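These notes are about the structure you will find just below.
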Amino acid sequence: MGMQGLGSLFGFRKNGALSERPEPRLRAPRARPPGRPTPEQALGWLLEGNAQFVSSGAPAPAHAQDEITSLAKGQSPLAVIVGCSDSRTAPEILFDCRLGDLFVVRVAGNSVDSTAMGSIEYAVHHLGCPLVMVLGHGGCGAVGAAVNLVIENSEFEGALESVVLPIVPAVLKAKAAGANDLLNSAVREHVVRVARRLNGCADLAATLTAGRLKVVGGFYDLHSGRVQMLA
Ligand SMILES: [Zn+2]
């Protein structure tokens with residue numbers, strides 16, 4: 001087979017541009033809740049997606065060209081995920097979501113600084129997101145570094161300290177509670193603290209009080225693929 005033959009096999013035109021994509025052949029994408037979903041509907045939809053991820057691991061179908069083109073007109077994500085940068089915790093995958101479904105804020109250790117806060121407020125106030133989920137995960141390296149700082153007074157190079165320091169209060173609380181598994185207890189405590197801080201945020205207060213927004217916390221188990229609700 002010559003180069004031209006190979007190109008048509010993989011859907012590339014001679015000049016290298018992608019031609020029409022084939023229709024997805026796998027299961028259909030999950031239907032989103034109709035209209036403007038409530039926070040509870042958005043949460044149910046996320047957890048249903050995680051159950052789908054856990055139960056079959058079946059990959060979502062490729063995005064059809066018209067799906068991509070239609071998203072160019074605008075976005076209405078169903079949830080903000082405040083997650084960790086860890087490569088094993090991509091929210092779109094573990095919640096079985098598509099492009100346009102999630103507004104994702106990710107930094108190592110899933111902390112919220114002022115830029116992250118602004119991103120969350122944008123998603124809530126301008127995109128109408130009804131749900132914010134703070135998502136920690138088992139064996140988090142950033143939380144592990146904060147544990148090392150507390151236990152061994154470890155020092156960190158460069159900007160790493162700015163990742164570690166916001167997590168220290170959660171480690172101290174878990175340590176004071178006599179946690180058996182200090183690392184994962186601190187992960188959970190940090191999620192709860194970040195979620196509590198968002199729930200107390202003045203700029204979100206009116207939307208929270210009106211019932212148009214809910215802030216929750218979750219813990220992703222690297223072994224089972226399951227997301228457990230924390231707060
Ligand atoms: Zn992590």
Side-chain angles (χ1 to χ4, degrees), residues 43 46-47 49-54 57 77-97 101-120 123 129 131-177 179-199 201 214-231:
L43 180 58
L46 273 190
L47 296 179
N50 181 239
Q52 164 73 31
F53 170 69
V54 170
L78 280 170
V80 180
I81 306 293
V82 179
C84 181
S85 303
D86 192 295
S87 62
R88 302 164 292 180
T89 65
E92 289 86 350
I93 295 175
L94 59 94
F95 289 115
D96 189 41
C97 288
D101 288 340
L102 300 179
F103 192 94
V104 179
V105 179
R106 288 177 82 181
V107 293
N110 45 271
S111 298
V112 171
D113 62 8
S114 58
T115 308
M117 195 64 228
S119 303
I120 295 165
C129 270
L131 181 72
V132 177
M133 180 185 282
V134 183
L135 186 64
H137 67 95
C140 181
V143 178
V147 168
N148 289 342
L149 186 147
V150 168
I151 303 294
E152 301 165 7
N153 202 21
S154 306
E155 292 190 8
F156 302 96
E157 294 172 355
L160 272 179
E161 201 169 74
S162 63
V163 168
V164 175
L165 289 182
I167 307 171
V168 167
V171 176
L172 292 173
K173 174 117 187 252
K175 185 166 173 281
N180 287 329
D181 180 350
L182 182 56
L183 171 57
N184 287 319
S185 298
V187 168
R188 288 183 166 86
E189 178 61 28
H190 185 54
V191 166
V192 168
R193 292 175 76 93
V194 173
R196 191 188 305 142
R197 194 176 136 224
L198 294 178
N199 268 314
C201 169
K214 206 172 167 99
V215 178
V216 298
F219 178 92
Y220 177 66
D221 184 325
L222 290 179
H223 298 280
S224 67
R226 242 175 255 288
V227 172
Q228 173 200 3
M229 298 304 299
L230 295 181

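All ligand and atom numbering here is 1-based and tracks the order in the structure. Everything numeric here is computed off the predicted structure, so don't read it as measured data. The analysis underlying the following values was restricted to heavy atoms, covering all of them including side chains, and did not include hydrogens, waters or symmetry mates.
Sorted by first and then second residue, the side-chain hydrogen bond (donor to acceptor under 3.5 Å, both in side chains) pairs involving residues 154-170 (not counting sequence neighbours) form an empty list. Sorted by first then second residue, the side-chain hydrogen bond (donor to acceptor under 3.5 Å, both in side chains) pairs that include residues 216-229, not counting sequence neighbours, are Arg188-Gln228.
The number of protein N/O/S atoms found under 2.8 Å from the Zn ion (ligand 1) is 3.
Every residue meeting the side chain to side chain contact (heavy atoms under 4.5 Å, CB included) condition with Ala90, not counting sequence neighbours, appears here in chain and number order: Ile93, Arg106.
Looking at Asp86, its side chain never comes within 3.5 Å of a backbone N or O of Ala108 through a donor-acceptor pair. Judged purely by atom type and a 3.5 angstrom limit, Arg193 has no side-chain atom pairing as donor or acceptor with the backbone of Ile167.
Taking every heavy atom of both residues into account, Ala170 and Ala186 meet most closely at CB-O, 3.7 Å.
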